[in-house]
Number of protein chains: 2
Amino acid sequence: MLKEERQNHILDKIKLNRKVLSSDLSIELNVSEDTIRRDLNDLSSKKLIKKVHGGALPIDTKAPSYEERKFYSLKEKNSIAKKAVNLIKDGQVIIMSGSTTNLQLAKIIPSDVNATIYTYSLPIALQLTEHPSIEIIFIGGKLNKPAQVTVGLDVVSSISQLRADLCFMGTGGINVLNGMTEPNWEVSHIKKCMIEASNKVIVLCTNNKINEIKRYSVTPLNQINTIITDLDPNNQIFIPYKEKGVEIL
Amino acid sequence: MLKEERQNHILDKIKLNRKVLSSDLSIELNVSEDTIRRDLNDLSSKKLIKKVHGGALPIDTKAPSYEERKFYSLKEKNSIAKKAVNLIKDGQVIIMSGSTTNLQLAKIIPSDVNATIYTYSLPIALQLTEHPSIEIIFIGGKLNKPAQVTVGLDVVSSISQLRADLCFMGTGGINVLNGMTEPNWEVSHIKKCMIEASNKVIVLCTNNKINEIKRYSVTPLNQINTIITDLDPNNQIFIPYKEKGVEIL
DNA sequence: TAATATTTTGCCGTTTTATGCATTTTTATG
DNA sequence: CATAAAAATGCATAAAACGGCAAAATATTA
């Protein structure tokens, strides 16, 4: 039996039983416990299992991510949110994607603003429930736990049926050549729909996302109306963006 | 049994019972109390539990933000949730309404349970994102801010298209003659759909809701399979309910 | 195909870890 | 403040992990 076969067997067994013992595996697979231990070490260093004394367990699925990200570079996000909030006008229909920058924005919308906001992010929706006058429509679907947003076909088809004045969109990365890109395929697809559905596309973009490329393309620059960053809009880094007709705030 | 398994078990039990005794655990897990004590020390130094003389308690994390209700009669709600959680079986499709009792239930679902949960409540969905294996489908629509749930036609039509094994439902009031009633028209309508869509209807009901009547009728008793309350199920108050064929837990 | 390099595996002595037990110290409580 | 329960401490033991090494299995190259 090949090493890889053996390791696949181990992965399968962990998935099935939520636990394996080195001693069991050694007998079951007819190899020494040393070999099993080395297998478990391999798999563990690939983050496929959690190795423990005596065997292994499935990887900890706990997601600390969103909460953590929430406080990461908060200052930059806030400065972006402050610029963004001025673009919201009474009576508008707005779509907001699920970024933490958008969450900051949701927090500072003045209480006299009257608008309708569509979102598929739980934290943003929850935040907006504290606003007295904004009407919130939550876009349902299967939940992506770490990001706390809904994803999938339901979301795509809901958004396709919308017509919005504005959309505020976080981003995985943006650059002149490739436009906006996302690390997550599902999210990239959803964002395409958001852009389709909106008259004006506003991208909220902390400085570390500028001139970054992620795996999946969302849209070329020419579909983006405005980019809001924490940098000075006159920074020379934005010259090529402006040449493509994108407004920088 | 591996050390980590044991510690996971302890964490689960604390989540469920809000307390554990070293002596119990020692018997339950078939190890000496010394070992349990060492486990509790481990978990405690990782800030996952609060170790106390004789056992351990959950660490009290999240700041109580919106919900005074959430902590009001928490004890009763928790005792209901504990009974309810036993009804959840692997692989089931479950609909949960938006009550605070359901939120308690969501908190204590053991981490090895594998089920699909539909809900239209933001806090419940958010809570469930911390569960490693449950699939969550959020039912979108217009948000009702004070209750933090979606309501309206979208919700009704989404639920109508479902087929669930179970639904867990909070209630505004219940009595023998009028069955289940709700103060809010939209919610009453949504609950009707939930009942339609579910094979088994389980009503979670704190004692103050028993023999109460609200404005809008949801369903007569005969559509309800089980009522879970914080009272003793043999309490004579339930005799007429039992005569109508409702199971009391 | 033979020769050689590389990887995988088993073995063995050493080190570390997990656990139970006995003894002492601390804590809760009437 | 007396007493029983729980916790801490130290020690013993068995199981598991580690590191080095050499044999065996595989892959690569001439």
Side-chain angles (χ1 to χ4, degrees), chain A residues 1-62 64, chain B residues 1-61 71 74-76 78-79 82 107-108 110-113 130 132-133:
Chain A
M1 174 174 263
L2 297 169
K3 189 171 79 143
E4 245 175 75
E5 284 183 88
R6 212 175 43 229
Q7 296 192 349
N8 284 332
H9 178 101
I10 293 172
L11 287 176
D12 284 347
K13 186 164 182 188
I14 288 183
K15 225 191 308 185
L16 191 63
N17 301 15
R18 312 203 107 251
K19 128 185 199 191
V20 288
L21 302 181
S22 314
S23 49
D24 287 357
L25 287 171
S26 157
I27 298 168
E28 201 173 315
L29 297 170
N30 237 342
V31 290
S32 72
E33 291 201 25
D34 299 72
T35 302
I36 296 296
R37 202 169 346 94
R38 278 184 276 240
D39 283 340
L40 296 182
N41 278 331
D42 280 6
L43 295 171
S44 168
S45 66
K46 285 183 201 149
K47 309 267 156 122
L48 296 172
I49 63 172
K50 184 178 177 198
K51 187 175 179 304
V52 298
H53 198 89
L57 300 172
I59 210 101
D60 219 352
T61 32
K62 247 171 226 167
Chain B
M1 176 173 259
L2 298 166
K3 187 173 73 138
E4 280 73 9
E5 279 186 278
R6 212 175 44 229
Q7 297 190 351
N8 285 334
H9 178 101
I10 293 172
L11 288 175
D12 277 349
K13 184 161 183 188
I14 288 182
K15 200 155 70 162
L16 184 61
N17 297 344
R18 309 197 68 75
K19 113 181 202 196
V20 287
L21 303 181
S22 313
S23 49
D24 288 355
L25 287 171
S26 157
I27 298 166
E28 198 174 318
L29 297 170
N30 237 338
V31 290
S32 72
E33 291 200 27
D34 299 73
T35 301
I36 296 296
R37 219 172 285 117
R38 278 185 273 240
D39 284 340
L40 296 182
N41 279 330
D42 279 7
L43 295 172
S44 166
S45 66
K46 284 184 201 148
K47 311 267 157 138
L48 296 172
I49 63 172
K50 185 175 175 202
K51 188 174 178 305
V52 297
H53 200 87
L57 301 172
I59 230 144
D60 260 324
T61 45
F71 291 94
L74 184 61
K75 219 173 125 198
E76 285 86 344
N78 214 44
S79 101
K82 261 153 69 177
K107 277 187 188 160
I108 62 168
S111 56
D112 62 335
V113 170
E130 286 173 30
S133 50

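Basis for what follows: all heavy atoms, side chains included, without hydrogens, waters or symmetry-related copies. Reminder, nothing fancy here: chain letters follow the sequence lines and each chain counts from 1. Everything quoted here is computed from the prediction, not taken from an experiment.
The side chain of A/H53 lies closest to C/dA18, out of C/dT27, C/dT9, C/dA18.
Here D/dA15 presents its P atom at 18 Å from NZ of B/K3, a figure rounded to the nearest Å. In this entry the distance linking CZ of A/R6 with C1' of C/dT8 reads 8 Å, nearest Å. A/I36 places its CD1 atom 11 Å from the P atom of D/dA17, with the value rounded to the nearest Å. Counting to the nearest Å, the C1' atom of D/dA16 and the CZ atom of A/R37 are 7 Å from each other. At whole-Å resolution of the value, CG in A/L29 and P in C/dT9 are 11 Å apart. Distance CG (A/D34) to P (D/dA15): 16 Å, rounded to an integer number of Å. With rounding to whole Å, B/E33 atom CD is found 8 Å from D/dA6 atom C1'. We find that CZ of B/R38 is positioned 12 Å from P of D/dT9, with the value rounded to whole Å.
Of the candidates A/R6, A/K51, A/H9, A/D39 forms a side chain to side chain donor-acceptor pair (under 3.5 Å) with just one, namely A/R6.
Taking 4.0 angstrom as the limit, B/N41 places none of its side-chain polar atoms (N or O) nearer than this to OP1 or OP2 of D/dA7. Of the side-chain N and O atoms in A/K51, one or more sit less than 4.0 angstrom from OP1 or OP2 of D/dA17. Phosphate proximity of C/dG10 to A/S32: present, with a side-chain N or O under 4.0 Å from OP1 or OP2.
We find that B/E4 and A/K50 are not joined by a salt bridge, their nearest charged nitrogen and carboxylate oxygen being 4.0 Å or further apart.
B/S26 and B/S23 share no side-chain donor-acceptor pair at under 3.5 Å.
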Between A/S22 and A/L25, does a side-chain contact (heavy atoms from CB on, under 4.5 Å) hold up when you go through it step by step? CA-CA 5 Å; A/S22 314; A/L25 287 171; 5.8 Å; no
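Pair assignment for D/dA23 gives C/dT8, based on Watson-Crick or G-U wobble hydrogen-bonding distances that are each under 3.5 Å.
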